[in-house]
Amino acid sequence: MRLSRHFFSRDVLEVAPELLGKTLVRRFENGEILRLTINEVEAYRGEEDLGCHASKGRTPRTEVMYHRGGLVYVYLIYGMYWLLNFTTGREGIPQAVLIRGSVEIEGPGRIGRALKLDKSFYGEDSISSNRLWIENNKNLPERPKIITSPRIGIDYAGENWAGKHWRFVGIL
DNA sequence: TCGACGATTGCC
DNA sequence: GCAATCGTCGAG
């Protein structure tokens, strides 16, 4: 069953760990379906979070994070990799969950490459999209064991924010 | 308009 | 250890 708007409309620190074990689904143009079991995510929470892109305020790139939950936020990193996020929370408060890894494919850049993401996915509504969404996974326990750690690659955000354990890894 | 830099990856 | 590669954003 596809995750609802309601699911994504909560605080990112609630939503992020609950995405562990869920199934990321990509339907390609030729009809082929790719399913990945999410096992690693990170939370990015508000303008005050110096590790969050929205700490720079509302810009063309961060705009979608200010919208309602359940939307796709993709961006190009190092000119090579499209990283995948889903917005969470309520209109006006910028939040997103970065999909860092899955059981089948590890690494945020590799996920984007496998899903053939590009800028056309920016703002896509995962609640109604026919090419990218997330489903519940009936074959896994509802409450998987979770390990937390600091988020990866945001040392520039300073100790206060880089030190927060907002990376969640599921032992599935 | 220009230049620095990045929520990464893979090869030397 | 470091290059690849380019969109974004702040400075000028």
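All chains are named by letter (A, B, ...) in the order of the sequence lines, taking the proteins before the strands, and each is independently numbered beginning at 1. Please read all numbers here as calculations on a predicted model, not as lab measurements.
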Checklist outcome for this item: For DNA chain B, consecutive-pair runs of 3 or more (Watson-Crick or G-U wobble, both H-bond-type distances under 3.5 Å) give B:1-6 with C:6-11, B:8-11 with C:1-4
Selection: [range], any non-hydrogen atom under 4.0 Å of DNA chain B:
range: residues 107-122 of chain A; answer: A:G107, A:P108, A:G109, A:R110, A:R113
range: residues 155-164 of chain A; answer: A:Y156
range: residues 82-95 of chain A; answer: A:L83, A:N85

Item to check | Rounded distance in Å between the P positions of C:dT5 and B:dC2 | outcome: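 Those two atoms are separated by 22 Å.
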Item to check | Neighbour count >12 (heavy atoms, 6.0 Å) for atom CZ, A:R90 | outcome: no
Item to check | Pair A:Y73, A:E124: side-chain N/O donor-acceptor within cut-off below 3.5 Å | outcome: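 Note: A:Y73 and A:E124 side chains miss the donor-acceptor criterion.
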Checklist entry - Charged N to carboxylate O under 4.0 angstrom, A:E135 versus A:K22? => result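 Salt bridge between A:E135 and A:K22, a charged N being under 4.0 Å from a carboxylate O: no.
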Item to check | Whole-Å gap separating C1' (C:dT8) and CZ (A:R58) | outcome: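 For the pair A:R58 CZ and C:dT8 C1', the rounded distance is 18 Å.
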Next on the checklist: I want to check something: taking the side chain as every heavy atom from C-beta on, are A:E40 and A:F168 in contact at a cut-off of under 4.5 Å?
Outcome noted: no
Output a table of nitrogen or oxygen pairs between the protein and nucleotides 9-12 of chain C separated by less than 3.5 Å.
residue: C:dC9; atom: OP1; partner: A:T59; partner atom: OG1; Å: 2.3

Any protein N or O atoms within reach of nucleotides 2-5 of chain C? Criterion: under 3.5 Å, listing atom names and distances.
residue: C:dT5; atom: O2; partner: A:Y78; partner atom: O; Å: 2.2

Checklist entry - Base, sugar-phosphate, or nothing: which does A:I152 touch, judged by heavy atoms less than 4.0 Å apart? => result sugar-phosphate
Item to check | Face-on cation placement of A:R10 at A:F7 ring, 6.0 Å and 45° thresholds | outcome: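 Because its charged atom sits under 6.0 Å from the ring centre and within 45° of the axis, A:R10 does stack over A:F7.
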Item to check | CA sep, side-chain torsions, deciding dist, call: A:R167, A:S149, side chain to side chain donor-acceptor pair (under 3.5 Å) | outcome: CA-CA 5 Å; A:R167 170 172 175 255; A:S149 85; 2.9 Å; yes
